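Here the structure is laid out as structure tokens; the discussion comes afterwards.
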Amino acid sequence: MNYSNVTRMRSFFILGFPGLLPQHYGLASALFFFLYLAIAVGNIFILAFVINEKSLQKPTYLVFCHLALNDLAFGTVTLPKIISKYWFGDGVISFYGCFTQMFFVHYLGSVHSFILLVMALDRFIAICVPLRYPVLITNNNIFVLLGFAWLIPVSLMFAIVFNTLGLPFCKSNIIAQCYCDHISLTSQACGEDVLMVQVSTLCMAMFCLLLPLAFILFSYISIIVVILKMSNTAGRKKTLSTCTPQIFITCLFYLPRCFVYVANTVGFSFSLDIRILLILLYSLLPAAVNPIIYCFKTQDIKQTLIRKVKSAKIGIEMDLSFQ
């Protein structure tokens, strides 16, 4: 078939949840709005708290800051449009706007994966080779590693976008998702090159996800082995507590993705609404939950926060006593 005369689509339509009844649109938009509010408030708080508290400006917490920035950016890229769709009935997104959103969705997801790699490296050196930690893991070295985490996926994502832009789109302009992603876009393309683009994109995605995951698994398995070899029970608990937040955050990112991929591989199929819900959960729930993990599972942040609250409370009581 000749696709030279195919007219380029001017826009796409974000479908969202196809099974959602119109009378529930208000509730859906409110849930998405509060989810975005939780992501924005939580991650901005972490960024501001660590930046303003000099005692927390250490490699571990600088990694948390970059993760918070990534989560905030991902929520900002994805949620406003779906909120607009359900709140104002505005589900239309321009052709290039959709591709821009797709770029940032996959770019930020890849960056997140590499930041988790840096996080695992930080804990690996701290626990497995603690004497070398002050030399190897400095603020400057962490900034360089995090810079690479933000830089490595850029060229890959541009390649994905330009390869997809070259496809003719001759099917529907409906995006069966809450935001534009590669699978939703290529499913509306036609031509002999679609399969090649999908396969090459899958290879790049596996590089950005599985390469960090391999090192992350190696790091935490090594950490667990070191902890189990400790004879002191109190030492075990203290050492494990220093990497518990990182393990929780990593599991939140990878386990739901692995579940969906394995379920699809073994032939377990989900309805479209359930599939979209699962993707939203593993994409956006960590961004809302991570700040809570930072505050309640990280001793330094927790103790600093408690100290600030107590000092503020004492200050208020003193002001009231003078009135």
Side-chain angles (χ1 to χ4, degrees), residues 38-39 41-43 45-71 112-139 141-143 145-146 149 212-256 258 282 285-311:
I39 291 171
V41 171
N43 288 289
F45 170 78
I46 291 296
L47 286 167
F49 192 67
V50 174
I51 289 170
N52 289 318
E53 189 63 38
K54 289 186 178 181
S55 65
L56 295 176
Q57 291 174 12
K58 303 173 184 177
T60 300
Y61 307 114
L62 293 177
V63 175
F64 285 169
C65 279
H66 280 259
L67 203 58
L69 182 62
N70 181 276
D71 287 338
H112 195 121
S113 188
F114 283 106
I115 292 175
L116 292 180
L117 184 153
V118 176
M119 184 183 288
L121 177 65
D122 171 68
R123 290 300 86 200
F124 173 76
I125 295 176
I127 294 172
C128 297
V129 281
L131 296 178
R132 299 289 296 165
Y133 184 81
V135 178
L136 295 175
I137 304 297
T138 62
N139 283 0
N141 289 345
I142 280 292
F143 273 124
L145 291 172
L146 290 169
L213 179 60
F215 180 78
I216 289 166
L217 288 173
F218 166 77
S219 297
Y220 289 124
I221 289 171
S222 301
I223 287 169
I224 291 169
V225 169
V226 169
I227 291 172
L228 290 175
K229 286 181 178 179
M230 292 179 177
S231 56
N232 190 328
T233 305
R236 283 185 190 177
K237 288 182 179 179
K238 185 178 179 181
T239 305
L240 183 61
S241 68
T242 63
C243 61
T244 301
Q246 288 85 344
I247 292 173
F248 279 158
I249 291 164
T250 303
C251 288
L252 270 175
F253 182 77
Y254 277 109
L255 285 182
C258 292
Y282 72 60
L285 187 62
V289 173
N290 284 346
I292 299 172
I293 296 174
Y294 304 148
C295 290
F296 292 100
K297 285 293 182 181
T298 308
Q299 285 301 316
D300 285 350
I301 293 179
K302 184 179 178 180
Q303 290 171 3
T304 304
L305 191 59
I306 291 171
R307 189 170 66 250
K308 290 280 186 184
V309 171
K310 284 182 178 178
S311 63

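Just so we're clear, the structure is a prediction, and the values are computed from it rather than from any experiment.
A distance of 14.5 Å separates CD1 in I137 from NZ in K58, rounded to the nearest 0.5 Å. Rounding to the nearest 0.5 angstrom, the gap separating the CD1 atom in I125 from the CG atom in L121 is 4.0 Å. Between the CZ atom of R236 and the CE atom of M230 there is a distance of 9.0 Å, given to the nearest 0.5 Å. To the nearest 0.5 Å, atoms CG (N141) and OG1 (T138) are separated by 3.5 Å. Atom NE2 of H112 and atom CG of N290 lie 6.0 Å apart (nearest 0.5 Å). Between the CG atom in N232 and the NZ atom in K237 there is a gap of 10.5 Å [rounded to 0.5 Å].
Heavy atoms only, all atoms of each residue included: Y220 and A120 are closest at OH-CA, 3.8 Å. Among all heavy-atom pairs drawn from I46 and C65, the shortest one is O-SG, 4.4 Å. The shortest heavy-atom contact between A68 and L47 is CB-CG, 4.2 Å. The shortest heavy-atom contact between C251 and P256 is O-CD, 3.4 Å. For the residue pair S241 and P245, the shortest heavy atom distance occurs at O-CD, 3.6 Å.
Listed for the N52 side chain is a donor-acceptor partner under 3.5 Å among the backbone atoms of A48. No donor-acceptor pair closer than 3.5 Å links the side chain of Q57 to the backbone N or O of L62. Judged by distance alone, the side chain of N70 and the main-chain N or O of H66 form no donor-acceptor pair under 3.5 Å. No side-chain donor-acceptor contact under 3.5 Å links N43 to the backbone of D71.
Between L56 and F64, the closest side-chain pair of non-hydrogen atoms is not below 4.5 Å. In this structure the side chain of P59 reaches within 4.5 angstrom of the side chain of N139, judged on heavy atoms. Two residues are said to be in side-chain contact when any heavy atoms from C-beta on lie closer than 4.5 Å; L213 and T250 fail this criterion. Residues D122 and Y133 are in side-chain contact: their nearest non-hydrogen atoms beyond the backbone lie under 4.5 Å apart. Put simply, the side chain of C243 reaches to within 4.5 Å of the side chain of I127, judged on heavy atoms. Residues I249 and Y294 have side chains in contact (heavy-atom distance under 4.5 Å, counting atoms from C-beta outward). Within the 4.5 Å cutoff, the side chain of I223 has no heavy atoms near those of the I247 side chain. Put simply, the side chain of V63 does not reach to within 4.5 Å of the side chain of Q246, judged on heavy atoms.
Using cut-offs of 30° and 60° for the angle between ring planes, the F215 and F124 rings count as perpendicular.
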For this session: Tell me, with the steps shown, if L116 and L67 meet side chain to side chain contact (heavy atoms under 4.5 Å, CB included).
Result: CA-CA 8 Å; L116 292 180; L67 203 58; 4.3 Å; yes
For this session: Tell me, with the steps shown, if T304 and F49 meet side chain to side chain contact (heavy atoms under 4.5 Å, CB included).
Result: CA-CA 10 Å; T304 304; F49 192 67; 3.7 Å; yes
Exercise. How far apart are the C-alpha atoms of F114 and L145, what are their side-chain angles, what is the distance that settles it, and do they pass the side chain to side chain contact (heavy atoms under 4.5 Å, CB included) test?
Worked result: CA-CA 9 Å; F114 283 106; L145 291 172; over 6 Å; no
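Ring centers of F253 and Y282: at least 6.0 Å apart, outside the cut-off.
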